[in-house]
Amino acid sequence: MPELPEVETTRRGISPHIIGKKITGITLRNASLRWPIPNDLNEKIQNKTAKSVERRGKSLLLAVANGHVIIHLGMSGSLRIMQNADAPQKHDHLDIHFGKNLALRYNDPRRFGAVLWTDEPLVEHRLLHHLGPEPLTENFNADYLFTRSRKHTQPIKSWIMDSKIVVGVGNIYANESLFNANIHPLKSPQEISLKQYQTLVSEIKRVLSHAIERGGTTLRDFVGGDGKPGYFAQELNVYGRGGLPCLKCNKVLTEKRVAQRSTVYCVECQR
DNA sequence: CAGCGCCCCTGCCCGC
DNA sequence: TGCGGGCAGGGGCGCT
């Protein structure tokens with residue numbers, strides 16, 4: 001489920017419940033995610049206090065005194081706060097317990113996600129060290145994109161979804177941002193002007209921040225335990241609308257697979 | 001090296 | 001109603 005807005009919504013949802021609380025142990029039901037959940041996770045974090053939950057790209061970083069638990073939700077992962085020890089459902093692979101009446105529960109049907117431990121500085125971790133800027137910071141701007149884009153020939157859509165360039169732009173919001181900025185998803189990055197990058201950057205920021213605001217409405221779901229993501233309900237201009245009329249010009253929207261991802265755009269509006 | 005395709009996995013929807 | 005095929009919001013990795 002998660003694009004960046006949902007990961008951020010999850011972070012905000014779980015943080016206030018667990019920060020300052022002591023981890024009393026874990027229940028590991030299935031370690032086989034994208035990489036195995038380390039079998040020494042319990043000894044690393046037991047009796048440690050959760051200091052903070054930060055986000056880098058789509059990874060959540062649970063800090064304790066001696067290191068970090070890195071949590072990635074993949075395509076289908078979710079985290080919930082459990083107020084009591086409810087029976088685990090299918091795909092509830094891990095609980096991190098904070099005493100008897102509070103747990104953080106990780107569920108992931110497709111198991112593309114990950115739960116890892118690291119005691120090295122986060123910037124040096126192999127999953128984090130290569131990452132580009134956060135899209136909602138000032139480091140992510142038109143000059144940066146324009147400069148880096150010279151000589152790049154792959155489709156702009158794949159390029160902005162590359163976490164080395166910028167983190168957190170997933171398939172839905174890549175489609176939406178390019179439509180809003182009137183940029184054809186197959187155009188190559190080197191052909192795009194500084195002015196177009198200014199529009200693209202502001203659309204990426206706008207669409208992601210808007211979704212985070214809307215994500216607030218799903219917050220109580222994560223806490224209450226009925227975790228149904230809410231942002232699909234929001235209005236999307238192109239994603240999932242292939243074959244339907246463009247909301248700007250009424251021409252039928254094209255749907256095509258680009259780098260194995262469904263891509264929807266308007267040949268009239270996006271050039 | 002940039003760029004592309006493969007693949008990890010389960011669930012769901014669609015057509016036959 | 002069952003079954004096969006295709007697709008799903010991510011992203012690392014191994015080729016060329």
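Lettering follows sequence order; numbering is per chain, from 1.
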Counting only side-chain N and O atoms of [X], is one of them less than 4.0 Å from OP1 or OP2 of [N]?
{"X": "A:S262", "N": "C:dA8", "result": "yes"}
{"X": "A:K151", "N": "B:dA2", "result": "no"}
{"X": "A:R110", "N": "B:dC8", "result": "no"}
{"X": "A:R257", "N": "C:dA8", "result": "yes"}
{"X": "A:S76", "N": "B:dC9", "result": "no"}
{"X": "A:Y239", "N": "C:dG9", "result": "yes"}
{"X": "A:H72", "N": "C:dG11", "result": "yes"}
{"X": "A:H130", "N": "C:dG11", "result": "no"}
{"X": "A:K90", "N": "B:dG11", "result": "yes"}
{"X": "A:H91", "N": "B:dC9", "result": "no"}

Let me know the distance between [atom1] of [X] and [atom2] of [N], rounded to the nearest Å.
{"X": "A:Q260", "N": "C:dA8", "atom1": "CD", "atom2": "C1'", "answer": "14 Å"}
{"X": "A:I156", "N": "B:dC4", "atom1": "CD1", "atom2": "P", "answer": "12 Å"}
{"X": "A:R148", "N": "B:dC1", "atom1": "CZ", "atom2": "P", "answer": "12 Å"}
{"X": "A:N171", "N": "C:dA8", "atom1": "CG", "atom2": "P", "answer": "8 Å"}
{"X": "A:K157", "N": "C:dG11", "atom1": "NZ", "atom2": "C1'", "answer": "13 Å"}
{"X": "A:Q190", "N": "B:dG3", "atom1": "CD", "atom2": "P", "answer": "9 Å"}
{"X": "A:D108", "N": "C:dG9", "atom1": "CG", "atom2": "P", "answer": "15 Å"}
{"X": "A:L127", "N": "C:dG12", "atom1": "CG", "atom2": "C1'", "answer": "8 Å"}

Query raised in the report: What distance, rounded to whole Å, do you find between the two C1' atoms, one in B:dG3 and one in C:dG9?
Result: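 It comes out at 23 Å once rounded to the nearest Å.
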Query raised in the report: If the P atom of B:dC9 is compared with that of C:dC3, how far apart are they to the nearest Å?
Result: 22 Å
Quick one: label [X] by what it contacts on the DNA or RNA (base, sugar-phosphate, nothing), any heavy atom closer than 4.0 Å.
{"X": "A:R34", "value": "base"}
{"X": "A:Q154", "value": "sugar-phosphate"}
{"X": "A:T153", "value": "sugar-phosphate"}
{"X": "A:W35", "value": "sugar-phosphate"}

Query raised in the report: Among C:dG12, B:dC6, C:dG9, which nucleotide sits nearest the side chain of A:M75?
Result: C:dG9
Query raised in the report: How are the rings of A:F146 and A:Y197 set relative to one another: parallel (under 30°), tilted (30 to 60°) or perpendicular (over 60°)?
Result: perpendicular
Report task. Could you check A:L73, A:L60, A:I37, A:L62 and say which one makes a side chain to side chain contact (heavy atoms under 4.5 Å, CB included) with A:V115? Result -> A:I37
**Report entry** For A:N180, the option from A:N175, A:N237, A:T199 that meets side chain to side chain donor-acceptor pair (under 3.5 Å)
**Finding:**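 Passing option: A:N237.
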Query - Identified pairing partner of C:dG9, criterion: Watson-Crick or G-U wobble below 3.5 Å - result: none
Query raised in the report: Do A:L136 and A:K205 touch side chain to side chain, with heavy atoms closer than 4.5 Å?
Result: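 They are in contact (side-chain heavy atoms under 4.5 Å apart), so the answer is yes.
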Query raised in the report: With a 4.5 Å heavy-atom cut-off, do A:L200 and A:S177 have their side chains touching?
Result: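 The answer is yes, as the side chains (C-beta and beyond) meet within the 4.5 Å cut-off.
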Query raised in the report: In terms of side-chain geometry, is the basic nitrogen of A:R241 or A:E255 positioned less than 4.0 Å from the acidic oxygen of its partner?
Result: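 Between A:E255 and A:R241 there is no salt bridge, as every charged N stays at least 4.0 Å from the carboxylate O atoms.
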**Report entry** Presence of salt bridge, A:E134 and A:R55, under 4.0 angstrom
**Finding:**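 So A:R55 pairs with A:E134 through a salt bridge.
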Query raised in the report: Between A:P155 and A:F112, who's closer to the 5' end of DNA chain B by nearest nucleotide?
Result: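 Its nearest nucleotide lies further toward 5', so the answer is A:P155.
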